[in-house]
Amino acid sequence: MPAYLDHAATTPLRPEAREAMLPWLGERFGNPSGSHSLARRARQAVDEARQQMAQALGADPGDIVFTAGGTEADNLALLGAAAGGTMVCSTIEHDAVLECCRSTGGRLVDVDAGGLVDLDRLDGTLDSTVAVVSVMLANNEVGVIQPLDQVVEVVRRRAPGALVHTDAVQAFPWLDVAALAAGADLVTVSAHKFGGPQGVGALVVRGGARLAPVIHGGGQERGRRSGTHNVAGIVGMAAAATATVAQRSDTVARVGRLRDRLADGLVAGVPGAVETGARADKVAGSCHLRIPGVESEALLFLLDEAGVAASAGSACASGALEPSHVLLAMGIPPEEARSALRLSLGWCSTGAEVDLALAEVPKVVARLRQTATVAP
Ligand code: PLP
């Protein structure tokens, strides 16, 4: 059995999501914006999903905006909230946030060596021109959890007119986002990171926060996101979210133990391997290592051959592997950042998968190091 250790890139569909979706991929259909009975049934399914998402995210149903994934929800949050004002975000955000900020001349806030946003620098960056501040709840590469409450406190004090956005895409499988993001005005989630289908997400827009649409058209989602609803996807996302919340504490305990065994075993079994970020600050499924003397690209190739699916960091950056902007922002030198290995566990990870990784990673690293020594 191969080991799938890339759940932060995407995690398998949960059975609850598949079951909820199947009727909407077959005998049930209808455009929820229509008026006949088939359309009304589709509308009812979307409304029920909205209730479920609101419950899972600690929001009002009217605050949920369905989107075509996390990237779109992040874009809607930043571009929609900016309204000509300045965007501010941390240097370790996902590109979906970072590129919105960079492309509009926004400001970036550094993180410390542990990957935590520097609150003093945030304080110094804010002024009355700032319209939106985005700090992710948990990072997609190293898994570090940000002190969002403190971020909100600084923003309310220094830039009271600004909205706070948090990208909770990687947090939702592991953390009580309803509680931890309660102070944020805008919250992004993406279904395929918690057992829903790919290409569906949601943005919480709390309490009627002002937001200009980014996608224009038929005025669905109360004018905030036009386009015909992806009924099957939305229904699947809601079922996955409900299952995630119901099982979260058990999953965190079980998978956290697996992750600890994996990380401890690799640090002990691979000479020179260093864990990135303090484990106490990270989500339960995240194991990130730097392995000196080994290039991520070669490591991932040989691990794949050995039946271990892993990653170097963000899936969006695959191709020629540039050193990760997250690791560089944490002050890790580029040559060390090129030796990154991200093993991310998920809701269905097993002990057998961890055993395989513990057996194969040291072997593959030793092989690569040996090749490097004999090369001319
Ligand atoms: N934000 C974070 C933190 C992510 O990890 C991802 C996906 O990797 C996204 C946003 C983008 O989400 P999606 O793949 O649904 O567009």
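Positions are given from 1, in the same order as the sequence printed here. Counting starts at 1 for both ligands and their atoms, following the listed order. The basis for the numbers below is simple: all heavy atoms, side chains too, and nothing from hydrogens, waters or symmetry mates. Source: prediction; values computed, not measured.
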Where ligand 1 meets D74 - atom numbers and elements under 4.0 angstrom, heavy-atom basis: 1 (N), 10 (C)
Identified side chain to side chain contact (heavy atoms under 4.5 Å, CB included) counterpart of R248 within the set F194, W174, F172, W347: F172
NZ/NE/NH1/NH2 to OD/OE distance under 4.0 Å, D63 and R206: no
Electrostatic pair R342-D6, nearest N-O below 4.0 angstrom: yes
Q146 (side chain) donor-acceptor with V117 (main chain) under 3.5 angstrom: yes
Structural part of T188 in contact with ligand 1, heavy atom criterion under 4.0 angstrom: neither
Residue Q170 vicinity, atoms of ligand 1 by number, heavy atom under 4.0 Å: 3 (C), 4 (C), 5 (O)
Test: R338 and E335 ion pair at under 4.0 Å: no
Close approach, H192 and ligand 1, non-hydrogen under 4.0 angstrom: yes
Sub-4.0 Å heavy-atom approach of K193 to ligand 1: yes
Per-atom contacts, ligand 1 versus G69 - under 4.0 Å to a heavy atom: 15 (O)
Sub-4.0 Å atoms of ligand 1 with respect to non-hydrogen atoms of M136: 3 (C)
V169 and ligand 1 - part of the residue with a heavy-atom distance under 4.0 Å: side chain
Within-cut-off N or O pair, G70 and ligand 1, under 3.5 Å: yes
Chi angles and distances behind the side chain to side chain contact (heavy atoms under 4.5 Å, CB included) call for L358, R261: CA-CA 9 Å; L358 286 172; R261 186 157 72 80; 3.8 Å; yes
Polar side chain donor-acceptor pair, E16 to T242, under 3.5 angstrom: no
Option whose closest heavy atom lies nearest to atom 9 (C) of ligand 1, chosen from Q198, H94, E72, E93: H94
Distance-only side-chain donor-acceptor flag, H325 / T91, under 3.5 Å: no
Per-atom contacts, ligand 1 versus T71 - under 4.0 Å to a heavy atom: 11 (C), 12 (O), 13 (P), 16 (O)
